[in-house]
Asker: 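Pasting a structure here, questions to come.
Every number for a ligand or one of its atoms is a count from 1 in the order of the listing.
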Amino acid sequence: MIKNNNGYFGEFGGSYVPEPLKEVLKEVEEKFYQFINDPEFLKELAYYQKQYIGRENPLYFAERLTQKIGGAKIYLKREDLNHTGAHKINNAIGQALLAKKMGKKRIIAETGAGQHGVATATVCALFGMDCTIYMGEIDIKRQALNVFKMELLGAKVVPVTRGTATLKDAVDAALEDFVENAHNTFYLLGSAVGPHPYPSMVREFQSIIGKEARKQILDLEGKLPDYIIAAVGGGSNAIGLFHPFVDDKDVKIIGVEPAGKGLDTPDHAASIVKGSVGIIHGFKCYTLQDEKGEPLPVHSVAAGLDYPGVGPEHSYYKSIGRADYVGITDKEALDTFFELSKIEGIIPAIESAHAVAYGIKLAKDLEKDKIIIINLSGRGDKDITQVKEML
Ligand SMILES: *Cc1c(COP(=O)(O)O)cnc(C)c1O
């Protein structure tokens, strides 16, 4: 049985939100813990995971990459092979199914880079639900292709013009809508962040990644991996891989944050490596903040890693030493984007290339009998134009 932790991972997490939002979140929390322990719900979820997302996806032995590096064996968990090309659909489908069970007919979400918006619009089409996506006006201009995709899938994309007209303001607009329309509306959050129950809920829906990987490596190698590695933006693909291994004390866990132009410059988004404890978007975590506790501007070549906070469960694992967090720069990630494409025929998302880049560094110095699993969170098709323009 999955128990309600009331939102706390040590001192991290919680729910620092105004009273009207608290009430609305209470309903989501109650229904989530009811359905996540309901065999009928789980059966239906498993059906869509297999028939719609295409799970289980492979745990692929990257043989040529391993040979070239000449160290530990590198396995890639192929989330890039999911329908829509990344891990985000795992969570979107779980939350949409929950919304359906709760009798909600309307889904809202916010999106920055557009990937979560596309995943949400996709599952709304699948379940025939009304879909509204809030997006900063600036992001709409930057991510025109994703906006077109969302509209193609039947979603309404609402431009947010207030404040900086980016993700932060889109979050505010979505929350206001949620409080106002909660009777028929479900807020589908895209990463393992935000107030309770979202970090726990997103982790449950993403932990299919680690559950599959754990079973697959035991089948393939007859033992657990020595290291598991994933890129950390808000932290959903990483916690999905990590969580089923947390009690396996000999498995080392490494989260890779975007070091942007360098950890000693202001242009990065390494919330754990360089941040301090604070409250952002209704929860406590490591965050990049100024003296007043306001989120600092962040930078990464990977739009999906560009967030000044990080999930509370990662913050907790960092604080107790269960997981290590490291940085990979824009340049290192881009080099790996090219390397993995050439050597394995797999074009990775630039986000995922951060994890692979660190895995390669690590593998070099390890014995050949060591095993590393890297989460390939998404495919790089979405990044092709950006990379081409940078050349
Ligand atoms: C959104 C995204 C990420 C970062 O989000 P998390 O919540 O940290 O997983 C990583 N990889 C890809 C491919 C993404 O689309």
Asker: Flag A231 as yes when one of its N or O atoms lies below 3.5 Å from any N or O atom of ligand 1, and as no otherwise.
Answerer: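 Checking ligand 1 against A231, no N or O pair falls under 3.5 Å apart.
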Asker: Is the positively charged end of K284 above the ring of F12, judged by distance under 6.0 angstrom from the centroid and angle within 45° of the axis?
Answerer: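 Relative to the ring axis of F12, which defines the angle, K284 lies outside at least one limit.
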Asker: When you look at F178 and F186, which way does the ring-ring contact (aromatic ring centres under 6.0 Å, His included) test go after all the steps?
Answerer: CA-CA 7 Å; F178 190 32; F186 186 95; 7.0 Å; no
Asker: Distance under 4.0 Å to a non-hydrogen atom of S236: what atoms of ligand 1 satisfy this?
Answerer: 6 (P), 7 (O), 8 (O), 9 (O)
Asker: Identify the closest protein heavy atom to atom 5 (O) of ligand 1: which residue and atom is it, and at what distance?
Answerer: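 Nearest neighbour among protein heavy atoms for atom 5 (O) of ligand 1, to 0.1 Å: G304 O, 3.9 Å.
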Asker: Mind checking whether G234 has an N or O less than 3.5 Å away from an N or O of ligand 1?
Answerer: yes
Asker: Any idea which heavy atoms bring I133 and A155 closest together, and the distance?
Answerer: CG1-CB, 4.2 Å
Asker: Check whether any N or O atom of S377, backbone or side chain, sits under 3.5 Å from an N or O atom of ligand 1, and answer yes or no.
Answerer: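 Among all N and O atoms of S377, at least one is under 3.5 Å from an N or O of ligand 1.
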Asker: Are K68 and E339 within salt-bridge range, i.e. N to O under 4.0 Å?
Answerer: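 Salt bridge flag = yes for E339 with K68.
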Asker: Tell me the contacting part of H87 for ligand 1: side chain, backbone, both, or neither, using a 4.0 Å heavy-atom threshold, strictly below.
Answerer: side chain
Asker: Kindly confirm or rule out an N or O of N237 lying under 3.5 angstrom from an N or O of ligand 1.
Answerer: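 The answer is yes, given that N237 and ligand 1 share an N or O pair closer than 3.5 Å.
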Asker: So, is S352 polar-close to ligand 1, with some N/O to N/O distance under 3.5 Å?
Answerer: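 No, S352 has no N/O under 3.5 Å of an N/O on ligand 1.
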Asker: In ligand 1, which numbered atoms sit nearer than 4.0 Å to a non-hydrogen atom of S191?
Answerer: 6 (P), 7 (O)
Asker: Check this for me - ligand 1, E351, N or O atoms closer than 3.5 angstrom, yes or no?
Answerer: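 No: no nitrogen or oxygen of E351 is under 3.5 Å from one in ligand 1.
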Asker: Answer with yes or no after comparing the ring centroid distance for H281 and Y307 against a 6.0 Å cut-off, counting only values under it.
Answerer: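 Between Y307 and H281, which both carry aromatic rings, the centre distance is below 6.0 Å.
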Asker: Which residue holds the protein heavy atom closest to atom 1 (C) of ligand 1, what is that atom called, and what is the gap in Å?
Answerer: K88 NZ, 1.4 Å
Asker: Counting from 1, what ligand 1 atoms have a heavy atom of G233 closer than 4.0 Å?
Answerer: 8 (O)
Asker: If you take the centroid of each ring, where Trp contributes its six-membered ring, are Y48 and F127 closer together than 6.0 Å?
Answerer: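 Distance test on ring centres: under 6.0 Å, yes.
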Asker: Numbering the atoms of ligand 1 from 1, which are under 4.0 Å from a heavy atom of G235?
Answerer: 6 (P), 7 (O), 8 (O)
Asker: Quick check: does A349 get an N/O under 3.5 Å from an N/O on ligand 1?
Answerer: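 Between A349 and ligand 1 (N or O atoms, distance only) the closest approach is not under 3.5 Å.
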Asker: Has K101 got its NZ or CZ under 6.0 Å from the middle of the six-membered ring of F41, at an angle within 45 degrees of the ring axis?
Answerer: no
Asker: So, E110 versus Y187: side-chain donor-acceptor pair below 3.5 Å or not?
Answerer: yes
Asker: Please enumerate all residues that pass ring-ring contact (aromatic ring centres under 6.0 Å, His included) together with F205, with sequence neighbours excluded.
Answerer: F32
Asker: Output the list of atoms in ligand 1 that are nearer than 4.0 Å to some heavy atom of G378, sorted by atom number.
Answerer: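 This gives 13 (C) as the contact atoms.
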Asker: Just so I know, are the side chains of T120 and L153 near enough to count as touching, which here means a heavy-atom distance under 4.5 Å?
Answerer: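 They are not in side-chain contact.
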